[in-house]
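The structure appears right after this line, and notes come after that.
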Amino acid sequence: MDNQYRPKQIEAEAQAYWEEQQTFRAQEDNGRPKYYCLSMFPYPSGRLHMGHVRNYTIGDVVSRYKRMQGYNVLQPMGWDAFGLPAENAAMERGVPPAAWTRENIAAMREQLKGLGFGYDWSRELATCDPEYYRWEQWLFTRLYRKGLVYRDTAAVNWDPVDQTVLANEQVIEGRGWRSGALVERREIPQWFLRITDYADELLEALDALDGWPEQVRNMQRNWIGRSEGVELSFDLAGRDEQLTVFTTRPDTLYGVTYMGLAPEHPISLELAEGNPAIAELVEEARSGGTAEADLATREKRGAATGLEAVHPLTGERIPVWVANFVLMEYGSGAVMAVPAHDQRDWEFATAYGLPIRPVVHPADGSELDVSAGAFSDYGVLADSGPFSGMPSDRAFAAIAERLEGEGRGQRRVQYRLRDWGVSRQRYWGAPIPMIHCAECGAVPVPDDQLPVTLPEDVAISGSGSPIKSMPSFYETTCPECGGAAERETDTFDTFMESSWYFARFACADQNGAMLDERADHWTPVDQYIGGIEHAVLHLLYARFYHKVLRDEGLVSSNEPFTRLLTQGMVLKDGTKMSKSKGNTVDPQELVERFGADTVRLFTMFAAPPEQSLEWSDSGVEGASRFLRRLHGLVRDHVARGPAPALDPQALGDAQRDLRRKVHETIAKASDDIGKRFTFNTAIAAVMELCNALGKAGDDSDAGRAVMQEGLEAAVLILAPITPHLCHHLWFQLGHTTPVVDAAWPEADEQALVRDEVELVVQVNGKLRGHVTLPADADEGQAREAALAEPNVQRFVADKEIKKVVFVAGKLINVVAK
RNA sequence: GCCCAGGUGGCGGAACAGGUAGACGCAGACGACUUAAAAUCGUCCGGCUUUGGCCGUGCCGGUUCGAGUCCGGCCCUGGGCACCA
């Protein structure tokens, strides 16, 4: 055996072995339970970054662990290949997005192979391949016919200088990132998917997704934002028109002191003609980006309209204001304001000197004070006509009933979730398969004309998608009337591709259909792994899409991902690695210097997967050092010849202690890797084991047998994490089949048994000593031993013992006063 | 602004069901080996201290025999906010 650990050589050999044996090629096999382990596929930016390495190492560790447990594992990989960066690169370097993307894919594929990830490459796919996106187009036309697709207007960021639509990230402080021009909001027609039709199912099914982090389920619940309330209308004095508003707090109806209109509301637009203050608000609303974070942090401003609304129950006149915090996108673009019981309304009322009228008092009878802020809890009504004295919940129902009875309102469920706008005015995306005909309107592209292929040999300028000025692309004939017509030139949101790739991996070679029965064999994904930043959008869209696929009869499960692991970010110097901060670490350099196993080991050791990971160069060296030591331990052991067979009955005390450590490590690592996903503590346990093995120095037959068992355990446990070195060491330890096919070790219960236990002794909850007792000692014996301890006696000497708390196997606490 | 997380030694982290705070690793100090350095191996490594202890898990308060862990309030950092992926 080589005297030195040479990762380069060992890793090349292992990778060649796996490739030659087609180790990771997955076949459907009903004789073994399937396990579909999927890491979120990358955007092919050109090089792997540490976030990818972390994500894919976690996935590979889980996959290899499950394989050792006897599962038939599928672990595929592909490319989320459409998107904005390719267009930016094209502008900078003059390379068409398609060529740039395919070069990046080739480079990153090699990097992934160099890291030793066990993917079934025969299933590789790229979303920019027409054979992939054609099925997305096919499904879209189907959903159109089903009524799940519709056209409506939506706001985009318009750069008036570059004459182009900008993404939110391209709007910096209200200005276009390249031109520096003030960005305008423009309403343009776009395609929408009715995700809100599935809102209730998406919400309710979260309760059963117990393999998902509660944090993510919570974020999705809040995003969907189901609320029950009342929709009611206020007459406008002197106008033949009504304001319809939605409120979740009809119990505060008597506290309404003003109405708020969105600046984009038709009435606001009308009044802006003759009112400079309103015109200014409308102007403000038209400029700047569309991102919610920008809108929500704007200073709250408003202007009186002079109009008055009529309170539906009291007939009182209520002033109508235009307010910039009222959003046209939500509900009707109008709100009733109750400053006493809503903080945002309170702030606006305070700023503009509008009355604050409390009508709900705390249920506990405590004094109500709204001088410093709104009281937004439920309580008991006051000054609310016939409803005074009712608790909020009863008043909610009573007021709703009254409004319904008078035909002025009705109970309604509202969602925060909006329908999914899938149109993008970009080039590098899947063409939306629709044709606009002057005679027939919007017509879906017939199946036999799919895919609508995106022309790839194009030049990208800073303003607008090239296919919008390419008659050879958009000129066509109407499939219905045969007349001249134009293709849709918008492309799909890239979330469309990433919403179903997990199913396509099951049957990536199927060219006659979107999916086949193999999709149902492999899905749902048993374990999905990816960044927490995808907690809402990608994961919600994919859930929606899966339900749509189900309703189309393409899969039969309800949810795409049974278990979800959201991995934290990779940081350096406490902040996110990024090119602009210049604090990136190139995984490729590390692999070349230390080997893939060291990079994998450090990444898994430095932090548990869900936490952020602080990068440390010296920590990487520590990981490398450990692998050298493990290599050395096996080398020295093997150099002494084959180890004799182990006879557990014939061990001395030290040998039994060491063997107990071996099996404790197996038990801990199995729990850490299999159940808790805390790979860092599993590695720490193996390090402890190796420290103990290294100190043993026992050359007796029994000692060498225990050593063999211990080294095998260490290699088996580390095999999913550092697969190349373990592949090598396993053969060195005398095995003839590869460790990748070995069974995961099981702890021997007999080896775990202890004769004695050490109890912690406390007095009044503070540590005062230790006592060693037989493992089966009862409370009486423990108490006797504890009180005999001299240090304990010092602390209880002049006190009365009130009680003794005994926790078997752990501690005994003497409470004395 | 809204929603969701996280704050533990010089650093990354451990403590899994409320029971020894700091496992494991990094950095550092000292020692061994060496002509020397690197590598390797060994010992020490939260603060204070009268050496008996006392203090210590972002801050303030509470529950408990016992709180890093549970509860209430605050501060700071990070993720998401619908066209980055």
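Here is the naming used below: chain letters follow the sequence lines, and residue numbers restart at 1 for every chain. Bear in mind that the values here come from a model prediction, so they are computed numbers and not experimental data. Side-chain atoms are counted along with the backbone in the values below, which use heavy atoms only and exclude waters and symmetry mates.
Contacts of A/Phe795 with the nucleic acid, taken as non-hydrogen atoms under 4.0 Å apart, involve only primed sugar atoms and P, OP1 or OP2. Counting any heavy atom pair closer than 4.0 Å across all strands shown, A/Val156 reaches a base atom. A/Asn691 comes within 4.0 angstrom of sugar-phosphate atoms only, judged by non-hydrogen atoms across all strands, and of no base. Among the heavy atoms of the strands, none lies under 4.0 Å from A/His538. Using a 4.0 Å heavy-atom criterion, one finds that A/Arg344 contacts no nucleic acid atom at all. Residue contacts shown for A/Met40 are absent, as no nucleic acid heavy atom lies under 4.0 Å away. A/Arg221 comes within 4.0 angstrom of nothing in the nucleic acid, heavy atoms only. A/Gln190 comes within contact range of at least one nucleobase, with a heavy-atom separation under 4.0 Å. Heavy atoms of A/Phe626 sit nowhere under 4.0 angstrom from any nucleic acid atom. Residue contacts shown for A/Val536 are absent, as no nucleic acid heavy atom lies under 4.0 Å away.
Scanning for side chain to side chain contact (heavy atoms under 4.5 Å, CB included) contacts around A/Ala667 gives A/Ala747, with sequence neighbours left out. With sequence neighbours excluded, the residues forming a salt bridge (Lys or Arg N to Asp or Glu O under 4.0 Å) with A/Arg660 are A/Asp657, listed by chain and number. Take A/Arg418 and apply the side chain to side chain contact (heavy atoms under 4.5 Å, CB included) test, not counting sequence neighbours, and it matches A/Glu329, A/Tyr330. Residues that satisfy the side chain to side chain contact (heavy atoms under 4.5 Å, CB included) test with A/Pro7, not counting sequence neighbours, are A/Tyr5, A/Glu11. For A/Arg217, the salt bridge (Lys or Arg N to Asp or Glu O under 4.0 Å) partners are A/Glu214, not counting sequence neighbours. Not counting sequence neighbours, the partners of A/Ser39 by the side chain to side chain contact (heavy atoms under 4.5 Å, CB included) test are A/Asn55, A/Tyr56, A/Ile529. Residues meeting the side chain to side chain donor-acceptor pair (under 3.5 Å) test with A/Gln163, sequence neighbours left out: none. The side chain to side chain donor-acceptor pair (under 3.5 Å) test applied to A/Asp162 returns no partner, not counting sequence neighbours.
The interatomic distance linking A/Trp223 (CH2) with B/C4 (P) rounds to 13 Å, in whole Å. Here B/C84 presents its P atom at 14 Å from CD of A/Glu292, a figure rounded to the nearest Å. Atom CZ of A/Arg418 is separated from atom C1' of B/C2 by 13 Å (rounded to the nearest Å). For the pair A/Glu169 CD and B/C81 P, the computed distance is 10 Å after rounding to whole Å. Atoms CG (A/Leu811) and C1' (B/A17) sit 14 Å apart, rounded to a whole Å. As a whole-Å value, the separation of A/Phe495 CZ from B/C84 P is 8 Å. What separates CE of A/Met108 from P of B/A85 is a distance of 14 Å, to the nearest Å. A/Met219 places its CE atom 17 Å from the P atom of B/C2, with the value rounded to the nearest Å.
Side-chain contact of A/Thr196 with A/Asp419: a donor-acceptor pair under 3.5 Å is present, judged by distance alone. Remark: the A/Arg543 side chain and the A/Gln220 side chain contain an N/O donor-acceptor pair separated by less than 3.5 Å. Side-chain N/O atoms of A/Thr290 and A/Asn168 include a donor and acceptor closer than 3.5 Å.
Aromatic ring pairs are classed by plane angle as parallel below 30°, tilted from 30° to 60° and perpendicular above 60°; the pair A/Phe602 and A/Trp615 is perpendicular.
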Could you list the protein-to-nucleotides 5-14 of chain B atom pairs, N/O on both sides, closer than 3.5 Å?
residue: B/G12; atom: O2'; partner: A/Ala606; partner atom: O; Å: 2.7
residue: B/G13; atom: OP1; partner: A/Ser612; partner atom: O; Å: 3.3
residue: B/G13; atom: O3'; partner: A/Asn680; partner atom: ND2; Å: 3.4
residue: B/A14; atom: OP1; partner: A/Asn680; partner atom: ND2; Å: 3.0

Write down the protein N/O and nucleotide N/O pairs, taken from nucleotides 63-70 of chain B, whose separation is under 3.5 Å; answer none if there are no such pairs.
residue: B/C65; atom: O2; partner: A/Asn813; partner atom: ND2; Å: 2.3

What nitrogen or oxygen pairs link the protein and nucleotides 39-44 of chain B at under 3.5 Å?
residue: B/U40; atom: OP1; partner: A/Arg628; partner atom: NH2; Å: 3.3

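Around atom CZ of A/Arg593, no more than 12 heavy atoms belonging to other residues, nucleotides or ligands sit under 6.0 Å away.
Base orientation of B/A15: anti (glycosidic angle beyond 90° from 0).
For A/Leu84, the side-chain atoms get nearest to B/A85 when compared with the rest of B/A21, B/C4, B/A85. Here B/C54 is the nucleotide among B/C4, B/A23, B/C54 with the atom lying nearest to any side-chain atom of A/Lys766. Nearest to the side-chain atoms of A/Met687 among the listed nucleotides B/A82, B/G25, B/A85 stands B/G25. Distance from the side chain of A/Thr297 is smallest for B/G1 among the nucleotides B/G1, B/U20, B/G19. In the set B/A23, B/C81, B/G79, the nucleotide with an atom closest to the side chain of A/Ala684 is B/A23. Counting only heavy atoms from C-beta on, A/Ala167 has its side chain closest to B/C84 among B/C84, B/G25, B/G1. Nearest nucleotide to the A/Leu417 side chain, out of B/A82, B/G19, B/G79: B/A82.
Cation-pi contact between A/Arg185 and A/Trp158: absent, since separation from the ring centre below 6.0 Å together with deviation from the ring axis within 45° is not met.
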| field | Strand RNA chain B in bracket notation, Watson-Crick/G-U under 3.5 Å with | for pairs to another chain | value | (((((((..(((......[....))).(((((.......))))).(((....)))..(((((..]....))))))))))))....
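Remark: the separation of the P atoms in B/U69 and B/G56 is 13 Å, to the nearest Å. Comparing the same atom, P, in B/G47 and in B/G22 gives a spacing of 14 Å after rounding to whole Å. Distance noted for atom P between B/G1 and B/G46: 41 Å (whole Å). Spacing between B/A21 and B/G66 at atom P, rounded to whole Å, works out to 14 Å.
The closest donor-acceptor contact from the side chain of A/Trp428 to the backbone of A/Ala81 lies under 3.5 Å.
A donor N or O paired with an acceptor N or O is found under 3.5 Å between the base of B/C83 and the side-chain atoms of A/Gln425.
Checked for salt-bridge contact, A/Arg754 and A/Glu664 meet the test: a charged N lies under 4.0 Å from a carboxylate O.
Checking the phosphate oxygens (OP1, OP2) of B/G53, a side-chain nitrogen or oxygen of A/Asn791 falls inside 4.0 Å. Using a 4.0 Å cut-off, no side-chain N or O of A/Asn222 falls inside it from OP1 or OP2 of B/C2.
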| task | Evaluate the criterion salt bridge (charged side-chain N to carboxylate O under 4.0 Å, His left out) for residue pair A/Asp490 and A/Lys468; output intermediate values, then yes/no. | result | CA-CA 8 Å; A/Asp490 280 358; A/Lys468 290 186 184 294; 2.6 Å; yes
